[in-house]
Amino acid sequence: MDVVIFRRKLRNGLIFFALVVGAVFMLFPFLWMLFVSLKKTGHGFLLDFAFAKPFFANFKAVWNNPSFPFSRFFLNSLIVATSGAFLTALFCSMGGYVFAKKDFYLKELVFWMMLATLMVPGMMYMVPQFAIVTKLGWINTYKGMIIPHVANVFGLFLLRQHMETIPNSLLDSAKIDGASEWQIFRTIIVPLSLPVITTVFLLTFLFQWTNFLWQLVVNTPDSAKLTLPVGLALFKGQYSTEWTKLMAASAFSIIPIAVLFIAAQRFFIEGLTAGAVKE
Amino acid sequence: MAEVVLNNVSKIYPGGVIGCKDINLHIKDKEFCVLVGPSGCGKSTTLRVIAGLEEITSGELKIGDTVVNNIPAKDRDIAMVFQNYALYPHMKVRENLAFGLKLRKYPPAEIEKRIQETAKILEIDHLLDRRPKALSGGQRQRVALGRAIVRKPKVFLFDEPLSNLDAKLRVQMRVEIKKLHARLQITSIYVTHDQVEAMTMGDKIVVMKDGFIQQIDDPIKIYEKPLTKFVAGFIGSPAMNFISVKITSRNGNFEASEVPSGFVYMLKSEDFPFLRDYDGKEVVMGIRPEDIKDTIFANIKDAENTVPAVVEAEEPMGSENYIHLTTQSSAITMKTAGSNRVKMGDRLNLVFDRNKLHFFDRETDRKIE
Amino acid sequence: MIENRKLRATVTSYLFLAPFLLVFLLFLAWPVIYSFYLSLHKVCWSTDLYNVFSDMKLVWFQNYKQLFKDSHFWWSLIVTAYYALLTIPATIFLGLMLAILLNNKLPGVSLFRSAYFLPNVLDILVVGIIWTFIYSPHYGILQKIFNLLGIQTFAREGILANPRTALPGIAIAMVLRGAGFGMILFLASIQNIPKSVYEAAEIDGAGPWQKLLYVTIPLVKPIILFLVVMGTIASLNAFTEIYAMTQDGGPFAVHFMGEIQGATKLSGYYLFEKWSQMKYGYAAAISYVLLAITLVISIVNARLLRRKQ
Amino acid sequence: MKNRKSKIVFLAVFLATVNFVSCGKPKEKAENGEKKIVVWETYGNEEHSEILKIARQFENKNPGVEVDIQRVPWGGHESKIMTAMITNTAPDIARVDVAFLPRLVKSNSVLELSRFGEINTEDFVPAAIESNIFAKDGEKGIYGLPDQTTGVALFYNKTLFAKYGIKSPPKTWKEFVATAKKLTVDKNGDGKPDQFGFAMHKDLWWTFPFFNTFGVRFLSDDGKKCLLASDAGYEALQLKVDLYQKYKVEAGAWQSGSIDPDTGFLNGVYAMIFSGPWNVKRFRDAELDFGISLIPAGPAGTSTNVGGTNMVIMRRAHYPEICFEFLKYLTSPEIQAQWCQDLGQIPVNLKAEKLMDFSDNKEIKIFLEQMKTAIPRPKVVSYQTLALTVNPYLYAALAGEMSVKKALDTVAKKIETEVLVER
């Protein structure tokens with residue numbers, strides 16, 4: 001008996017140890033980024049302890065920047081990322097629902113078409129997309145920054161995959177209970193897929209938050225809608241880059257997403273496991 | 001008035017797969033009708049057609065006085081209990097019950113009243129604030145029932161509602177559903193693959209196979225006068241014994257000789273006038289286990305008609321005992337009193353109750369009358 | 001046979017799909033179709049930049065013909081495939097291992113989950129830069145560790161300047177960044193496996209490895225497939241990590257089809273090069289060939305899967 | 001609970017719609033009747049405030065004119081201008097990399113300037129103005145004005161020089177190699193040096209100083225032949241290769257993923273690098289004791305590469321005359337002197353030199369000196385294509401994968417067939 005307990009303890013101890021080592025390994029770039037962001041100019045790559053003076057000088061330089069209003073860029077980023085992620089999650093849920101639960105004409109064709117667009121490198125979309133946005137007069141607008149990326153095929157597939165596991169009897173039952181298609185979607189499908197919807201929301205939020213080239217292109221330089229990545233790019237000069245400041249800026253811009261992810265992650269995992277009724 | 005009438009209803013899936021075909025069924029108001037058959041027989045399809053979850057390919061379906069072919073499920077005023085209960089996992093029991101009413105815009109006070117009422121009937125008042133996950137199987141079953149009851153629909157539909165419960169609970173719920181039906185007096189259509197459930201619950205039983213109706217009758221008729229070999233074999237436990245025999249006319253009577261062994265059963269022609277058409281042909285003879293007696297146990301002497309058989313196994317059930325035997329070329333089960341015990345290899349002389357013999361055409365499987 | 005119900009379902013389906021489909025057709029499908037049109041054209045030196053799309057020259061299939069002879073393109077396909085082979089199995093393996101470890105009841109499990117997932121929120125560019133610091137010769141932290149172990153193989157050129165290790169080096173960085181995502185998916189899937197299945201396996205005499213091999217892996221297959229698809233797409237699109245970690249597509253010490261090739265010049269990067277030189281037509285042709293290749297692979301994949309089912 | 005949830009959803013939808021309704025209208029062109037010109041620049045923070053100051057000065061001198069200075073991040077500025085042109089949202093004046101100019105000229109995207117007024121090409125740093133001059137239809141024209149010019153010079157670490165007893169920076173390549181050897185040291189005794197005499201980049205642009213000091217001509221006058229594969233060319237590249245391969249004084253900084261020369265110099269592990277004026281302030285801020293000297297002389301004396309940016313007037317500019325006036329103003333001796341005095345940069349206008357006080361900026365004097373012998377880059381339509389063609393072979397030569405001769409021979413042929421003619 002004792003031996004069994006001892007062996008279990010040993011096993012758990014080993015697993016724990018492995019996890020700690022793994023965590024250090026995987027978090028290393030993250031920690032290193034924070035480390036670099038605190039260092040003296042030019043010492044970014046060295047394993048010394050030459051920190052900037054004052055300690056948070058790099059962060060200060062980023063925050064009190066004369067050339068771009070950090071807080072406004074931050075707010076713009078927040079607006080773009082939030083509404084972009086919200087619309088993406090909504091549209092993808094609606095699309096995922098019909099792909100999972102409906103039989104309709106041209107379903108296969110539309111499916112393959114969507115799959116095909118996933119395979120094309122994003123760069124190819126930029127110029128045609130930009131032409132459309134201009135035609136629509138969406139330059140310098142939030143919608144110009146958001147809408148073109150709202151049709152997230154990947155998110156749709158993710159949701160479809162999940163929604164397929166919702167038992168049909170639930171939908172039948174709701175139908176008999178008197179629910180319209182929209183009510184079924186709203187009261188059954190959405191609550192039961194919420195974890196995955198959250199996942200899609202988070203991933204799109206992340207994408208929109210870090211999107212640089214598109215936000216740069218779709219705004220004129222005097223636009224009031226410029227976002228954080230565009231602002232951060234100003235730290236990358238023509239001839240040289242201030243790594244320490246850049247890392248400080250990156251650390252800044254990561255804060256909201258890191259907070260969001262960690263806050264949502266319990267929900268995120270638990271939900272993925274919950275899903276449908278068993279048996 | 002909530003009769004359910006199906007006239008020539010068919011459901012053919014794309015690709016020609018038959019769901020159900022030419023269903024003619026008249027379920028009277030307040031009747032408890034059971035659709036029974038093995039899996040894939042079309043009983044569930046029929047139910048879903050009635051519910052409006054499947055579209056009718058052809059035919060006419062009436063609920064009450066209205067043809068509902070093109071009326072969506074939500075407007076048919078029916079309620080359905082699903083095999084897996086289909087409780088909304090993200091809603092509390094209370095919300096599950098209220099859902100249908102809410103969607104139909106009932107005033108909150110009325111909803112609450114009905115929930116209380118239903119909860120009392122089903123004794124689930126203490127569960128109202130739990131989520132389905134936190135309920136036992138039986139409790140979930142009750143909530144599922146409650147969700148149907150609370151709406152006070154014209155018709156109840158049950159899709160194998162008890163098959164996920166353990167045996168004891170199943171028996172208990174069977175009775176409760178019967179009681180509920182007696183109390184609420186709502187037309188009910190109940191689908192099951194379990195013939196015991198069908199027999200015990202149905203006012204009317206519909207036996208189905210391969211998408212077609214085999215027989216519609218009350219339980220006793222179904223049992224005593226099965227119209228097809230399939231019905232005969234499906235209803236009743238243990239199942240009816242079937243023996244292939246060849247009929248030959250001899251001395252004004254019939255000889256039924258077992259195939260292939262040739263063992264001869266003598267049959268009086270006045271009892272079986274309908275066998276005249278089958279002179280020289282093979283038919284299937286059926287006899288229920290309880291209609292077989294043993295010369296020793298029953299203490300009867302009918303030397304002419306004793307069938308020697310060897311015991312293979314026995315299933316003592318307490319009150320009765322099922323004995324499995326083989327005659328020269330058929331396996332036969334008999335039901336006898338629990339005290340009548342045998343050993344493997346015992347030789348018994350069986351006596352078939354000739355008034356309880358059934359004959360079926362080999363080609364059509366239909367009863368020969 | 002046209003069914004009423006299917007017709008009705010079609011109408012509702014498209015109503016639900018409408019917002020997505022509208023954006024999709026306008027901003028994804030149309031550009032893809034347009035890319036084909038583009039791939040038949042050439043932006044000449046004298047093309048009016050104010051008017052690029054109407055001033056290009058129609059050259060029909062010349063871009064494709066040229067592409068067929070382009071050793072750099074063929075090489076980029078090979079490297080892309082290699083990169084996919086390096087990253088996809090490793091990401092899946094690591095994700096699965098982490099998920100299995102985290103499936104144990106241990107103190108601080110949720111903390112570990114966060115920790116493992118966190119790298120996913122980092123910008124690829126930042127991750128790339130940081131790994132460059134780690135890998136650098138002489139002064140990088142990795143070389144410091146190697147020094148302690150007496151390994152001098154990478155002392156002079158580092159990891160990223162060695163044509164043999166450059167791409168694996170990038171792959172390691174990306175695998176460590178991406179494994180957390182796979183872990184989350186695997187974890188969700190593993191927690192959905194009923195305990196009884198493991199108990200049954202245990203009774204059948206399966207040890208931990210057999211349980212992994214015969215129970216867990218077959219049951220998380222959908223996730224594996226999903227990650228394979230995602231990994232393929234990521235490999236085809238790989239650009240930022242290459243851009244951040246090597247110059248111009250890496251150490252040029254590989255000879256292929258009579259040309260010098262960059263050891264990390266993946267097709268996504270090659271496409272970028274052509275694009276940034278304003279060779280829009282050629283870039284479009286590249287993306288179309290890539291699209292054709294991956295579509296064929298996906299269709300074959302889907303067929304195989306369907307047959308198995 | 002339920003209510004709250006729907007409120008949140010409602011709020012989110014509301015937020016989203018508000019975004020779309022309240023989207024910013026594009027700015028009206030002219031406010032209160034002023035003539036407005038839009039300038040896109042790609043400067044850094046200090047330069048940005050400087051040019052704002054200059055724009056205000058210009059506005060004061062020219063009533064009724066508004067100069068709208070807009071900042072674009074350097075990364076992506078070409079894509080930005082390209083896409084802006086397609087959609088007709090391009091500015092009136094753009095600051096572009098010198099290498100982008102040929103394409104703009106070839107595609108007729110920018111205006112020829114001499115028709116707006118006289119330009120004294122002798123006033124400018126020769127290499128800088130040269131990058132704006134193109135022959136089109138047999139006629140030479142000026143298609144932009146340089147706003148900033150750079151080239152590289154030799155930076156050396158004074159502390160290290162003193163430590164190893166080196167009195168003065170090397171004047172010739174021979175001295176350079178000897179000096180670098182002294183500065184390449186294995187400090188911890190593991191058999192591998194951990195301080196290097198020199199560190200360099202591999203790219204073509206950074207190789208020009210080598211080619212230029214050996215007198216290598218890149219292209220023939222008609223621009224149809226590449227002359228790189230010459231004895232001078234071989235020698236120049238051989239020297240660069242030898243620094244790494246033979247003398248082993250170079251740190252390998254040219255390789256992917258290594259510590260770049262700037263960073264290593266800043267940390268005192270690379271004793272000498274080539275670098276430009278943009279780093280002066282940075283190194284000074286880091287309290288590094290460093291000196292600057294001319295690029296070591298080769299057979300053709302000292303020389304360097306040319307970088308920098310030009311200001312161009314876009315074809316669809318609204319008030320090209322005003323644009324031109326502004327550019328003239330920006331490049332005038334006074335303004336250049338002010339600009340370079342404030343920022344420590346090389347003036348593009350040679351006349352500015354006299355107006356400047358170099359006492360705080362001795363380095364600039366050296367750069368100015370260096371720029372006088374700088375040789376402009378070959379004017380190929382796509383400098384990027386050229387670089388992408390050459391760089392792999394420079395790499396191969398440096399890595400010892402390919403002999404210098406073979407590398408340059410191949411490169412020359414490739415340039416002739418792939419870069420100089422349109423494919």
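These numbers come from the heavy atoms of this one structure, side chains and all, not from hydrogens, waters or symmetry mates. Below, chain A is the first sequence line, B the second, and so on; all start at residue 1.
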Checking heavy atoms, do the side chain of D/Met402, its backbone, both or neither come under 4.5 Å from chain C?
-> side chain
So, the part of D/Leu388 with a heavy atom under 4.5 Å from chain C: the answer is side chain
D/Tyr383, part contacting chain C, at a heavy-atom distance under 4.5 Å | neither
Could you tell me whether the side chain of D/Ile415 reaches within less than 4.5 Å of the side chain of D/Leu386, counting heavy atoms only?
-> yes
Before accepting this row, confirm whether a basic side-chain N of the pair D/Lys136/D/Glu112 lies closer than 4.0 Å to the acidic partner's carboxylate O.
-> no
Tell me, for C/Trp275 versus chain D, whether the close heavy atoms (under 4.5 Å) come from the side chain, the backbone, both or neither.
-> side chain
So, for D/His77 and D/Trp74, is the gap between ring centers shorter than 6.0 Å?
-> yes
Residue part contacting chain C, namely of D/Pro102, when any heavy atom lies under 4.5 Å | neither
Given a strict heavy-atom distance threshold of 4.5 Å, which part of C/Lys274 is in contact with chain D: side chain, backbone, both, or neither?
-> neither
Ion pair present between D/Lys202 and D/Glu250, side-chain N to carboxylate O less than 4.0 angstrom?
-> no
Greatest number of heavy atom pairs closer than 4.5 Å to chain D - which of C/Ala244, C/Pro251, C/Gly262, C/Gly158 = C/Pro251
Residue, of C/His255, C/Met245, C/Glu273, that accumulates the most heavy atom pairs under 4.5 Å with chain D = C/Glu273
Of the backbone (N, CA, C, O) and the side chain (C-beta and beyond), which part of C/Gln261 lies under 4.5 Å from a heavy atom of chain D, both, or neither?
-> neither
When D/Trp254, D/Phe196, D/Tyr395 are each screened for ring pair (Phe, Tyr, Trp, His ring centres under 6.0 Å) with D/Tyr244, the one that passes is D/Trp254
Heavy-atom distance under 4.5 Å to chain D: side chain of C/Val59, backbone, both or neither?
-> neither
Show your reasoning for whether side-chain contact (heavy atoms from CB on, under 4.5 Å) applies to D/Phe198 and D/Leu243.
-> CA-CA 8 Å; D/Phe198 182 56; D/Leu243 290 177; 3.8 Å; yes
Among side-chain atoms of C/Tyr288 and C/Asn63, is any donor-acceptor pair under 3.5 angstrom?
-> no
For D/Ala396, is it the side chain, the backbone, both or neither that has a heavy atom under 4.5 Å from a heavy atom of chain C?
-> both
Output the option from D/Arg316, D/Glu401, D/Lys192, D/Gln384 having the highest count of non-hydrogen pairs under 4.5 Å with chain C.
-> D/Arg316
Go through the steps to decide whether C/Leu176 and C/Ile172 satisfy the test side-chain contact (heavy atoms from CB on, under 4.5 Å), and finish with yes or no.
-> CA-CA 6 Å; C/Leu176 285 178; C/Ile172 287 173; 4.1 Å; yes
Say whether C/Ser39 and C/Tyr64, considering side chains only, have a donor N or O and an acceptor N or O under 3.5 Å apart.
-> yes
Max heavy-atom pairs within cutoff under 4.5 Å with chain D, candidates C/Thr246, C/Asn51, C/Thr132, C/Leu49, goes to C/Leu49
Chain D interface, residue from C/Ile159, C/Asp55, C/Ile260, C/Ile134 that has the most non-hydrogen pairs under 4.5 Å = C/Ile260
